[in-house]
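Lettering follows sequence order; numbering is per chain, from 1.
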Amino acid sequence: MSDLAIELRGIDKSFGPVHANKNINLSVHKGTIHGIIGENGAGKSTLMSILYGFYQADAGKIFVNGDEITIRDPNVAIAAGIGMVHQHFMLVDNFTVLENVMLGAEENAILNRGIVNARAELKHLEDEYALEVDPDAVIEELPVGLQQRVEILKALYRGADILILDEPTGVLTPAEADHLFRILEQLRDQGKTIILITHKLREIMAITDEVSVMRRGEMVATRKTSETNVEELAELMVGRRVLLRVEKGPADVKDVKLSVDGLTVRDNRGVVMVDNVSFEVRAGEIVGIAGVAGNGQSELLQAITGIRRAESGTVLLSDKPIDVTGDADPQDLRKRGLAHVPEDRHHMGLVLTFEENENAILGYHYDDEYLNGPMLKLDAIRSHAASSAEKYDIRPPDVRLKTSNFSGGNQQKIVLAREMERDPAVLVIGQPTRGVDVGAIEFIHKRIIEMRDAGKAVLLVSVELDEIRSLSDRILVMFAGRVVGERTPEATEGELGLLMAGVEEEQEAAQ
Amino acid sequence: MDYFQIILVTLEATIRLSVPLIFAALAGLYSERSGVFDIGLEGKMLAAAFAGGAAAAVYGSAFIGLAAAILISVALAMVHAFASITQRGNQIVSGVAINFIALGSTVILGQAWFQQGGRTPQLGEGSRFEAIRLPLTDTLEDVPVIGPIYENLISEHFLLTYLAFALVPFTWWVLYRTRFGLRLRAVGENPGAVDTAGISVTQMRYLGVLCCGILCGFAGAYLSMAVAAGFVKGMTAGKGFIALAALIFAKWKPVNVMLACLLFGFLDALAILLQGQELPVVGEVPVQFMQALPYVLTVILLAGFIGKAIPPKAGGQPYVKER
Amino acid sequence: MSVPYAKLPLWVEYGLIPLINLVVAFLVAGLVVLLVGESPIRAATLLVQGAFGYGEGLGFTLYYATNFIFTGLAVAVAFHCGLFNIGGEGQAYIGGLGVAIVALALDGIFPWFLTLPFAILAGALFGAAWAFIPGYLQAKRGSHVVITTIMFNFIASSVMVYMLVEVLKPIGSMAPQTETFLPGAHIPTLDWLLGIFGLDIGGAPFNLTFVIALVAAFLVWLLIWRTRLGFEIRTMGASPTAARYAGIKEVRIIIITMLISGGLAGMMALNPIMGDQDRLQLDFVAGAGFVGIAVALMGRSHPVGIIPAAILFGMLYQGGAEIAFEMPEISRDMITIIQGLVILFAGALENMFRPAITTFFATLSGAGRRSEATAAGE
């Protein structure tokens, strides 16, 4: 018998042009907690979905307890003793705990006896692993911590010996997370194998026995947790990247243009995503917000730009308030000089089925320049689009072409041209180079610097740390909805990486 | 007629009128609980009524008629399933299409096969469902109050009527006490949970739509082979939509479905009763008002003014694995 | 970089694919004809001859097409906003009430050309009013517009029966219909138009409303592709998140779109009421509201597609009557089947043939496209 619970050899997976997993090898020892760490998009979740049979690998072999198996679908994984706790819980909200646990693992076609047995088994599991939860509670009425517990119980109920947890603490409060860790340790002590996917170094150091680091679809290292440290892991995770050369003079900082004070925002589920955040952006500087995706940056941007309602706090744009807790109107904000390059250009920044020239005015279509009473001035719109296309080198220079036919970089340039060409006072940019080819990245970076030098206040959010470092004049790091530190661009990657992983903050708090 | 008699007649009519609604609304329940919206109940019911009437007339057997009704209704349901589940098409559009296909083909085929202006031949004894006289009916006949109630409301109904009412607790049982029901409800709420539990979303949804087809078959058979002795063109007359309204009104719950159908059946019975009658205070209630009432009530419910009708969360959306 | 979405030539997207869907629908309908024991070829010949072969036939074809242009436009405008308005039938029915009220009020005072503008306005207003409630409930309370418009069709039917039986029916008359209008509320026929081509319109009620329908089609085109409102409607329909980002007011746009949609459906009432029957009758809409769904799907929600699609259905209605005359087995209900099949293949199953066609054209123009794509990706 092998002492490996899981062994992956040469796993490879692509989604169209995206190479999510490149020739991955991984060994997970039985009875250990094995961490897999990496930035967002490093390929961790894809790898685990392959292991759970949710996707099929393009190439590679999977061994479970020493035997090679082909995991066609989740049933095979479940039968092999693999259980998974998904990042977004796979629970039926209006079902009871018991119903959720039973779903797919019912004994018989008729539930009567099955319910009794399931209840007993659930009680048994609860006692054995100290996972108390009311079996008759309805999921949607439970706090997320308990919902997660139900997910774990679900896996255990199916006889899982190997438990995969995908970013399990993302939705938990620190206290809930600590509780989860105690549960995981106990499960390990009772012989279960646990794979913990996370981007938080603190968690890795706190409870794992071994840790594997993924970066951009590759498995870059595996270490015993006791033999490594956060600095090394942060560096492995982020990589020693060559800093992109961006010619940049010293900033000529002037008045405050954007002032955020005590901003708190909840997401649709009611979870606090932005927690009492305050900062200022002055004319002539670029303030970069670094952080792993999902730490509240998106909600922050949306609240400032009037797309998402904030719970509390004030935001001043050129000294005048934005009604962030009420009906802030994106159109009105544009008129007041707030330009916004959204993080998600496919769903927000562009209408992909529109012609290029239509997207060149999206959000500014109310402008008199393009209107003749209620009618659109097509000539003005198209000539505006054509001149932006030339200025921003948008290719092909066909303003009548459907936007979906442009490459990612050119699509992004359409958005940038639209937002930058109107002499805004404040420019808010989210993920300016996501999915953009290398040539366009340099171009986009140059434009952002030019905006700064022209005296605009620029707020930049990016999950690309090197982008933040090469562009920003000041760097704020967000973690778990809060700004956990401010650094200059000279700060090392390791230092920023620790902040981003929520480690530094812990120490500050402890002092 | 004394009041007792009027009430009795009205209640009897209520039962008679609510049976097709119960079948069809329960049919919709199975489909929509699985996450496939179905506005094609009307069409399936109509096609089933025709197939039932036609087969029963040709083969002289009510049960062959019933089988044909179910078969054709299931066939249309499978078209809907193919479009909605396999092809991930728009479920509303598909439902509309099925309604028209059924509406047109019943008339065309009826005329071609029987040449009676879209009717199927009158069904004689044995080729249609007869009212069943339950035991004790004669014994109780002369007992005041209880006798007439028993005779009118309990006894003297069609087999399909008893089946419809039996299907209500049965559906409840299936939904809440069987593995199939658990999975069906889950797939309409969160197909991702079903998929990760190793159950095929596609298969569950096909099964849901299949059940819908079968029950629409019963609804149609009831119309052409029980209350009427043969198919008349367009005989569903919007009952499929009333059933849809009842399903929404019942918030997709089986016992509520029965109550909603009885309510809508009662309104219909009342409309017939009140036609041309002067009522104290309000005067004559226009029959059209009574006819429109189920729809008005459903709209008010949908608007959230009386409770809130929350459809199955994943309803109407084709399932695509998340990346 | 590769091109993220395969692009089909325009003529394939708007010509070939709808054509293939249509052909499949007709093939299936042909099977039904076979099942009935008639020759599909002969039926098709009769259909085309009956619809276009002579002046009166053509007149009827265009008369029916007029109805379908209005209802098709109504569905299409809502589609552009991502709304499915199944309520065209009811909106047209209620629109008829508006038209009839104006006609009854003005027919003795004004000549037809003065009555007409008021009638257009009244039809549109009444239709719009009937669409307002579902629109408002969708925008403000999230009540699904599909279900509410279905309900409103039935409510409209009850309202109209009541109005005709209890209110509008002249005293002493048995038929549930209004009085016959005076000539001051009759829209003249376009017999001279067909006359130019040497065709005799005969008794066909092909009338000026056809021109109004064409104007409406033009105005809808103008609205959707040439106005700020249309821009906002299309943004809303294509991407609600982008609309939110662009500061487009969701509630306002949904309500306005439903008003326009209902208004267009309401105007359909002009054609049968003032152009043909000269009175308001029960069930005068006769399913035209539903045909609008098929027309909009086939015409891909573009007026340029809707007009031929409407004429196609006009042909089916008129030619179908002709077939029914020659082949008693095949009544006009055949059209209902074809309508259903068109909705099925052009709507719910629209993507069934698309992958194959896309692959076909991708391989066909593979080399040329690739070089183009490289240029685009630089």
Mind ranking B:Phe37, B:Phe241, B:Trp113, B:Phe289 by heavy-atom pairs under 4.5 Å with chain C and telling me who comes out on top?
->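 Of the options given, most contacts go to B:Phe241.
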Between B:Gly89, B:Ser84, B:Ala112, the one whose heavy-atom pairs under 4.5 Å with chain C are most numerous =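 Of B:Gly89, B:Ser84, B:Ala112, B:Ala112 has the most heavy-atom pairs under 4.5 Å with chain C.
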Can you say whether [X] sits under 4.5 Å from chain C via the side chain, the backbone, both, or neither, judging by heavy atoms?
X	answer
B:Ile242	neither
B:Leu293	neither
B:Gln115	side chain
B:Val79	side chain

Nearest 0.5 Å, what's the [atom1]-[atom2] distance between [X] and [Y]?
X	Y	atom1	atom2	result
C:Leu164	B:Gln288	CG	CD	10.0 Å
C:Ile150	B:Leu244	CD1	CG	6.0 Å
B:Thr298	C:Ile147	OG1	CD1	9.5 Å
C:Phe84	B:Asn90	CZ	CG	6.0 Å

Identify which part of [X] has an atom lying under 4.5 Å from any heavy atom of chain B, answering side chain, backbone, both or neither.
X	result
C:Leu35	both
C:Tyr162	both
C:Leu344	both
C:Phe152	side chain
C:Ile133	neither

Select, from C:Asn351, C:Leu341, C:Val32, C:Ile338, the one with the greatest count of heavy-atom pairs under 4.5 Å involving chain B.
->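 When all of C:Asn351, C:Leu341, C:Val32, C:Ile338 are compared, C:Leu341 has the most.
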Between [Y] and [X], is there a side-chain heavy-atom distance shorter than 4.5 Å?
X	Y	result
B:Phe100	C:Ile343	yes
C:Val36	B:Ile108	yes
B:Gln291	C:Ser158	yes

Minimum heavy-atom separation for [X] to [Y], with atom names?
X	Y	answer
B:Ala303	C:Leu137	CB-CD2, 3.5 Å
B:Ala245	C:Met151	CB-CE, 3.7 Å
B:Gln87	C:Met352	OE1-CA, 3.4 Å
B:Ala97	C:Gly340	CB-O, 3.3 Å

Without swapping roles, check the side chain of C:Ser143 against the backbone of B:Leu302 for a donor-acceptor pair under 3.5 Å.
->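 Confirmed, C:Ser143 side chain pairs with B:Leu302 backbone.
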side-chain contact (heavy atoms from CB on, under 4.5 Å), paired with B:Val93, selected from C:Ile86, C:Leu297, C:Leu349, C:Ile293 =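 Checked C:Ile86, C:Leu297, C:Leu349, C:Ile293 against B:Val93; only one passes side-chain contact (heavy atoms from CB on, under 4.5 Å): C:Leu297.
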Among B:Leu103, B:Thr106, B:Val107, find the one that has a side-chain contact (heavy atoms from CB on, under 4.5 Å) with C:Asp333.
->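 Result: among B:Leu103, B:Thr106, B:Val107, B:Val107 is the only option passing the side-chain contact (heavy atoms from CB on, under 4.5 Å) with C:Asp333.
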How are the rings of B:Tyr295 and C:Phe154 set to each other: parallel, tilted or perpendicular (split at 30° and 60°)?
->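 Ring orientation of B:Tyr295 relative to C:Phe154: parallel.
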Answer yes or no: does atom CD of C:Glu250 have more than 12 heavy-atom neighbours from other residues, nucleotides or ligands under 6.0 Å?
->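 Open: at most 12 neighbouring heavy atoms sit under 6.0 Å from CD of C:Glu250.
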